[in-house]
Protein chains: 2
Amino acid sequence: MTESGRRERKKAATRQALADAALRLFLERGYDEVGVREIADAADVSVTTLFKHFPDGKVALVFDEEADREAELIAAVSERPARQTVPQALRRMMTEERSRRIHADPRFAGFLRMIDSTPALREYARRMWLRHEQALAEAIAADAGLPPDEPGCQALAHFALEAASLAHERKAPQDALDRIFDILDNGWSRTLPERS
Amino acid sequence: MTESGRRERKKAATRQALADAALRLFLERGYDEVGVREIADAADVSVTTLFKHFPDGKVALVFDEEADREAELIAAVSERPARQTVPQALRRMMTEERSRRIHADPRFAGFLRMIDSTPALREYARRMWLRHEQALAEAIAADAGLPPDEPGCQALAHFALEAASLAHERKAPQDALDRIFDILDNGWSRTLPERS
DNA sequence: TGAGAAAGTTGAACGGTTGCACTTTTTCAA
DNA sequence: TTGAAAAAGTGCAACCGTTCAACTTTCTCA
């Protein structure tokens with residue numbers, strides 16, 4: 001177990017060296033200007049090893065430290081205060097989440113700028129974010145007392161997640177987010193079947 | 001004009017030969033099992049020529065015959081009958097459009113099945129469909145008497161277009177489409193600023 | 001006619017990704 | 001303890017979509 005500990009430590013160290021080298025090079029020269037061969041060299045491993053550690057490929061190197069925010073999404077729905085609708089809770093959570101992360105780490109701004117200016121990264125970030133759609137839909141359904149695969153719940157989950165990207169691309173993101181969630185809130189609340 | 005006609009005819013013929021060869025091979029063996037070098041060979045041109053005709057790459061070969069449906073979207077909004085809301089008009093248009101195309105061409109089913117089962121093609125189809133978002137948003141804004149970049153209009157356009165994909169992936173697509181558009185309709189109508 | 005645009009060709013490259021063969025590490029039963 | 005054999009890690013070479021550079025052919029039109 002001590003020796004297998006060493007093995008796992010080495011594995012983690014290699015992974016970290018790859019992610020660190022990649023992020024440094026990406027921020028220095030831009031995502032598209034750095035090749036995987038160069039990253040592997042900088043971490044002193046082979047290209048094959050790089051892909052063993054990051055099977056999702058080059059894009060995944062960027063998001064290695066991204067925390068999993070699925071739990072926060074679910075909690076925002078199921079532990080929301082009384083009198084707050086589901087869309088209201090999600091809007092609030094997304095607003096707070098954004099400002100919190102921006103204030104937390106100063107380097108985070110440059111990181112976000114790189115993602116915004118690289119189509120491949122925007123696409124991958126969107127896909128990662130939308131992975132939570134199913135879980136969110138189920139949380140919404142459970143909360144509303146509807147079957148877990150009710151189409152409206154999935155639609156609301158999908159639209160709420162996309163609202164973030166949609167608003168982000170605008171000049172006045174906060175206003176846009178409010179406006180979009182107003183639509184969702186009215187639509188959701190008025191079409192919701194009666195609750196117990 | 002006759003001579004320039006010949007040139008353009010040849011160009012169109014080459015393009016058609018590429019699209020035909022590609023579609024035939026794709027349907028025979030699957031999109032991922034056919035390489036661009038093979039397609040170019042089958043059409044008796046070089047790979048570079050293939051990319052000259054289809055700058056969007058391999059995926060674009062599949063959608064060569066896809067008609068442009070942007071005009072129909074705009075018309076559905078701006079020429080809708082009185083008393084019909086924008087979301088209602090869009091839902092109706094998408095429903096009719098779907099059944100019309102399925103009944104029109106028997107080979108169409110296999111074509112759709114190939115797209116559904118190939119992630120790269122699903123992604124590209126979605127991107128093509130969403131290209132109409134801006135135009136649709138402007139049509140909605142014009143109809144509602146709002147500024148062309150009003151966030152709610154863009155959101156409605158985006159959500160309405162995505163509703164098609166969202167419903168398509170379900171067991172009961174028609175029911176899902178109705179349910180989703182109910183949400184959008186209620187949300188849109190109830191948050192709409194007063195009209196003249 | 002002859003300059004020039006447009007289309008095509010070839011061949012090679014590039015960058016991300018994967019397959020295959022090889023070496024090292026770990027396991028575990030004799 | 002030892003000695004396969006499984007598991008994990010490694011590197012080279014290849015594959016695939018895509019692009020580049022240099023050149024030829026074909027068509028256009030003043």
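Source: prediction; values computed, not measured. A, B, ... follow the sequence lines: proteins, then strands. Residue 1 opens every chain.
Regarding B:R15, its CZ atom lies at a distance of 17 Å from the P atom of C:dA6, rounded to whole Å. Between A:H53 atom NE2 and C:dG16 atom C1' the separation is 18 Å, expressed in whole Å. Remark: C1' of D:dC20 and CZ of B:F51 are 13 Å apart, rounded to the nearest angstrom. Look at CG on B:D41: it is 13 Å from C1' on C:dT10, rounded to the nearest Å. Here the C1' atom of nucleotide C:dG8 and the NZ atom of B:K10 are 11 Å apart, to the nearest Å. When rounded to the nearest whole Å, the span between CG of A:D32 and P of C:dC14 equals 17 Å. The interatomic distance linking A:F54 (CZ) with C:dG16 (C1') rounds to 16 Å, in whole Å. Atoms CZ (A:R37) and C1' (D:dA13) sit 10 Å apart, rounded to a whole Å.
Listed candidates were C:dG19, D:dG17, D:dA14. Nearest to the side chain of A:T48 is C:dG19. Listed nucleotides C:dT9, D:dG11, C:dT17 differ in distance to B:S46; the shortest reach to its side chain belongs to C:dT9. Ranking C:dT17, D:dG17, D:dT10 by closeness to the B:V36 side chain, first place goes to D:dG17.
Of the candidates A:E162, A:H158, A:E138, A:E133 forms a side-chain contact (heavy atoms from CB on, under 4.5 Å) with just one, namely A:H158. Exactly one residue among B:R92, B:R170, B:R91 makes a salt bridge (Lys or Arg N to Asp or Glu O under 4.0 Å) with B:D178. That residue is B:R91.
The residue B:V34 sits close only to the backbone: its heavy atoms come under 4.0 Å of sugar-phosphate atoms, none of a base. Within 4.0 Å (heavy atoms only), A:K52 reaches at least one base atom of the nucleic acid. Among the protein residues, A:V45 comes within range of the sugar-phosphate backbone only, with heavy atoms under 4.0 Å from sugar or phosphate atoms but none that close to a base. At a threshold of 4.0 angstrom between heavy atoms, the contacts of A:T14 with the nucleic acid are absent. Contact annotation for B:D44: backbone-only contact, meaning every heavy-atom pair under 4.0 Å involves sugar-phosphate atoms and none involves a base.
Between B:F111 and B:F63, the ring planes lie perpendicular to each other; the angle is over 60°, past the 30° to 60° tilted range.
If you check residues 111-129 of chain B against DNA chain D, you find no residue with a heavy atom closer than 4.0 Å.
A salt bridge is defined here as a Lys NZ or Arg NE, NH1 or NH2 lying under 4.0 Å from an Asp or Glu carboxylate O, and A:D182 with B:R190 fails to meet this definition.
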* Go through the steps for A:F54 and A:V62 under the test side chain to side chain contact (heavy atoms under 4.5 Å, CB included), then give the verdict. => CA-CA 10 Å; A:F54 296 90; A:V62 174; over 6 Å; no
* **Test side chain to side chain donor-acceptor pair (under 3.5 Å) applied to A:R179 and B:T191, step by step** => CA-CA 9 Å; A:R179 172 77 167 105; B:T191 61; 3.2 Å; yes
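Residues B:D185 and B:Q88 have side chains that bring a donor and an acceptor to within less than 3.5 angstrom of each other.
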